[in-house]
Amino acid sequence: MARKALLWSMFMVLASFSFLLIHVYGEQPQVGQFSGGHYHDQMRKMQAFKASFVRHDSIALSPSISPSPSAAQQPPVVSSSRVYHVTSYGADPTGKMDSTEAILKAISDAVQGPSEGSVIEGIQNLGGVQLSLEGGNYLISRPLRLPATGLGNFMIHGGTLRASDDFPTDGYLIDLSSSSNSKNEVNGKSSMDAQLSSSSSYNYEYITLKDLMLDSNYRGGGIAVINSLRTSIDNCYIVHFTTDGILVQSGHETYIRNSFLGQHVTAGGDQGERNFSGTAITLMGNDNAVTDVVIFSAAIGIMISGQANILTGVHCYNKATGFGGTGIYLKLPGLTQTRIVNSYLDYTGIVAEDPVQLDISNCFFLGDAYIVLKSINGVANGVNIVDNMFGGSDKGIEIVQLDQSNGPFKDIKQVVIDRNNVKGMNLKATVARGSANGEGNSWVVDFNSVLLFPNLIRHVQYSLSTNSSQFPNHALRNVSGNQVQIQTNLNVSASVFVTVDQSVAN
């Protein structure tokens with residue numbers, strides 16, 4: 001209570017003094033007695049002095065007053081921001097001057113700050129330290145790399161990076177690869193000298209790249225994530241790449257979300273579409289996810305050669321199939337393990353080499369876009385292409401096609417293509433239903449127009465209906481060339497209904 005009374009008394013005295021001082025100034029307007037600058041300077045000093053009495057972290061006690069035991073035990077308040085602003089290091093937010101050295105210095109300081117423990121063993125936890133680009137536009141002449149591996153829990157966000165005209169054509173604007181591969185120098189030391197000792201098999205963990213625009217200036221790529229764990233790429237706009245917009249190699253659990261990628265900035269119908277090149281996203285690792293991403297120009301939208309990846313809510317209109325483009329290319333023959341769901345293939349399709357464990361479902365294919373199963377070693381096993389919509393222009397294009405230029409499919413098991421709705425294209429499936437009717441003792445139902453694989457029917461189910469007073473014996477007499485023959489021992493007027501299936505495993 002005594003401490004509060006003392007503070008209140010000092011505050012009241014100061015307030016009275018302030019009022020009297022201001023009142024005197026107000027009644028002495030003579031020019032020359034107090035200049036405006038001197039007046040405001042005195043006011044600022046007085047306000048700062050007064051604030052020192054009311055701030056909880058700045059209270060000064062007289063020597064005669066002893067602090068309470070509880071107050072003495074409390075540590076001093078220490079405020080140290082872990083957000084590093086690149087302009088504080090001399091980066092030019094206008095994009096006119098090269099900011100490479102300044103940004104690399106900011107990165108170096110950020111990752112060398114205090115840390116606490118580790119995330120996965122061998123990866124240092126930087127505590128969520130952030131590199132802020134402050135909404136600026138920065139010109140860089142070589143890739144931005146971390147000065148050492150074994151780092152985690154770090155974010156780069158909030159601005160634009162643009163490659164200079166002499167940026168290396170095989171580089172990436174942000175390169176999360178092993179620094180030992182880097183030829184860059186930070187603070188006068190080689191990257192090898194700066195390399196931290198790491199017992200982890202991964203380079204980095206939990207690196208977040210967010211709210212960025214990356215302009216590769218037709219020189220190299222946007223982001224490279226090499227042998228890293230749990231990397232997040234969120235709300236990024238990546239353009240003008242010639243190699244990859246995003247490259248993910250080795251490691252796993254890179255999540256790419258809410259982003260836009262294109263070699264050329266267009267919204268479709270570009271006159272130069274035939275010449276689009278590059279790949280927007282390359283996944284050469286396992287367990288990655290691409291969610292709610294738009295790819296608006298590139299020769300290949302997404303190239304996948306790793307296992308257990310999932311694509312959800314992806315819209316590809318990167319380059320029309322008719323111009324040689326591919327929306328999604330699955331290049332891991334014999335071990336695909338990929339799920340493509342709730343996505344939109346817009347005038348560009350999907351190619352899967354020797355698909356094994358592939359699910360394509362609830363997608364929309366527009367503009368005669370279709371799916372190709374490409375034989376490499378003749379394997380197709382565990383494929384689901386179901387519940388999709390296909391829309392075309394009545395050109396007779398089949399919704400699923402086989403590329404057997406390297407040899408026919410020979411090992412076909414559990415391939416289910418069914419329940420797709422089609423308008424303006426030709427239906428293809430591995431499950432089909434047909435009928436035949438007429439008078440006689442033999443009925444043939446031809447499924448070649450629907451069934452995907454030639455000369456392959458593994459299961460037949462049929463029923464025969466007749467109004468004849470006679471009760472004929474009937475049997476399945478022949479299954480060959482994707483045709484089914486039903487025969488009776490009597491001539492009758494009848495209808496035959498047949499269901500066939502190519503997907504039943506041997």
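Along the sequence shown, residues are numbered consecutively beginning with 1.
- Between the side chains of H459 and D501, no donor-acceptor pair of N or O atoms lies under 3.5 Å.
- Atom OG of residue S480 and atom CD1 of residue I457 lie 8.5 Å apart, to the nearest 0.5 angstrom.
- With values rounded to the nearest 0.5 angstrom, K319 atom NZ is found 16.0 Å from F296 atom CZ.
- The minimum heavy-atom distance linking F167 with I140 is given by the pair CD1-O, 3.7 Å.
- Within the structure, ring-ring contact (aromatic ring centres under 6.0 Å, His included) contacts touching residues 321-364 (residues at least two apart or in different chains) are H315-Y344, Y344-F364.
- For N318 against I300, the heavy-atom pair with the smallest separation is ND2-C, 3.7 Å.
- Residue Y218 qualifies as enclosed at atom OH: its count of foreign heavy atoms under 6.0 Å is above 12.
- Side-chain contact between V314 and T312: absent, with no pair of heavy atoms (C-beta onward) separated by less than 4.5 Å.
- Within the model, atoms CG of L173 and NE2 of H240 stand 12.0 Å from one another, a figure rounded to the nearest 0.5 Å.
- D359 and R339 are not joined by a salt bridge, as no carboxylate oxygen comes within less than 4.0 angstrom of a charged side-chain nitrogen.
- Listed for the D368 side chain is a donor-acceptor partner under 3.5 Å among the backbone atoms of S393.
- In this structure a side-chain-to-backbone donor-acceptor pair under 3.5 Å is present from N217 to A163.
- Distance alone, capped at 3.5 Å, is enough to place a donor-acceptor pair between the T430 side chain and the I417 backbone.
- Counting heavy atoms from C-beta outward, D292 and R257 have side chains that stay 4.5 Å or more apart.
- Side chains of S118 and Q124 form no contact here, defined as non-hydrogen atoms less than 4.5 Å apart.
- Residues Q263 and S277 bring a donor and an acceptor atom of their side chains to less than 3.5 Å of each other.
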(message) Show, in sequence, the C-alpha distance, side-chain angles and deciding distance for Y204 and V119, and conclude whether the side-chain contact (heavy atoms from CB on, under 4.5 Å) test is met.
(response) CA-CA 10 Å; Y204 306 103; V119 271; over 6 Å; no
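- Under the 3.5 Å distance criterion, the side-chain polar atoms of S361 are left unmatched by any main-chain donor or acceptor of V386.
- Salt-bridge check for R230 with E205: passed, with a basic side-chain N closer than 4.0 Å to an acidic carboxylate O.
- Across all non-hydrogen atoms, the minimal contact from F365 to Y370 is CD2-N, 4.4 Å.
- At distances below 3.5 Å, not a single donor-acceptor pair connects side-chain atoms of D411 with backbone N or O atoms of G378.
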(message) Let's go through E398 and N426 carefully: what are the C-alpha distance in whole Å and the side-chain angles of both, what is the deciding distance for side chain to side chain donor-acceptor pair (under 3.5 Å) to 0.1 Å, and is it a yes or a no?
(response) CA-CA 4 Å; E398 298 170 346; N426 287 356; 5.2 Å; no
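- Residue R419 qualifies as enclosed at atom CZ: its count of foreign heavy atoms under 6.0 Å is above 12.
- With a 4.5 Å cut-off on side-chain heavy atoms, L451 and Q502 count as touching.
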(request) Please report the C-alpha distance between I371 and I360 in whole Å, then the side-chain angles of each, then the deciding distance to 0.1 Å, and finally whether the side-chain contact (heavy atoms from CB on, under 4.5 Å) criterion is met. (result) CA-CA 10 Å; I371 300 168; I360 302 173; 4.0 Å; yes
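- By the 4.5 Å heavy-atom criterion applied to side chains, V498 and V460 are counted as neighbours.
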(message) I'd like to know whether N421 forms a side-chain contact (heavy atoms from CB on, under 4.5 Å) with F390, so could you lay out the CA-CA distance, the side-chain angles of the two residues, the decisive distance to 0.1 Å, and finally the verdict.
(response) CA-CA 6 Å; N421 71 68; F390 293 82; over 6 Å; no
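- If you check the side chains of T338 and N309, you find no donor sitting under 3.5 Å from an acceptor.
- Judged purely by distance below 3.5 Å, without hydrogens or angles, the side chains of E116 and N125 never pair a donor atom with an acceptor atom.
- Side-chain N/O atoms of N362 and D387 include no donor and acceptor closer than 3.5 Å.
- Checked by atom type and distance alone, the side chain of S503 never pairs as donor or acceptor with a backbone atom of V416 at under 3.5 Å.
- For the residue pair S141 / T100, a side-chain donor-acceptor distance below 3.5 Å is found, with atom types taken as modelled.
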(request) Show the numbers, then the answer: is there a side-chain contact (heavy atoms from CB on, under 4.5 Å) between F260 and I238? (result) CA-CA 6 Å; F260 306 87; I238 304 173; over 6 Å; no
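- For the atom pair CD of Q307 and OG1 of T336, the computed distance is 9.5 Å after rounding to the nearest 0.5 Å.
- Separating the OG1 atom in T160 from the CG atom in L214 is a distance of 8.0 Å, to the nearest 0.5 Å.
- Contact annotation: the side chain of I103 approaches that of Y138 to within less than 4.5 Å [non-hydrogen atoms, C-beta and beyond].
- Looking only at side-chain heavy atoms (C-beta outward), I256 and T254 come within less than 4.5 Å of each other.
- N153 places no side-chain N or O within 3.5 Å of a backbone atom of Y206 that could act as its donor or acceptor partner.
- Of the residues V400, L345, L358, I385, the one that meets the side chain to side chain contact (heavy atoms under 4.5 Å, CB included) test with I350 is L345.
- When each of V293, I304, D244, V248 is checked for a side chain to side chain contact (heavy atoms under 4.5 Å, CB included) with I281, only V293 meets the rule.
- N482 places a side-chain N or O within donor-acceptor distance of the main-chain N or O of L456, the cut-off being under 3.5 Å.
- In plain terms, the two heavy atoms of D175 and P143 that are nearest each other are CB-CB, 4.1 Å.
- Residues S375 and G407 approach most closely at OG-O, 2.8 Å, considering heavy atoms.
- The structure places CG of N384 at 10.5 Å from CG of D418, a figure rounded to the nearest 0.5 Å.
- Side chain to side chain, Q485 and S442 meet the donor-acceptor criterion of an N or O pair below 3.5 Å.
- With hydrogens and angles disregarded, a donor-acceptor distance shorter than 3.5 Å links the side chain of D354 to the backbone of I376.
- Of all heavy-atom pairs between G251 and Y202, the closest is CA-CE2, 4.0 Å.
- Proximity of F497 to S435: side-chain heavy atoms (C-beta onward) are separated by under 4.5 Å at one or more points.
- Side-chain atoms of S250 never come within 3.5 Å of backbone atoms of I226 as a donor-acceptor pair (strictly under, hydrogens ignored).
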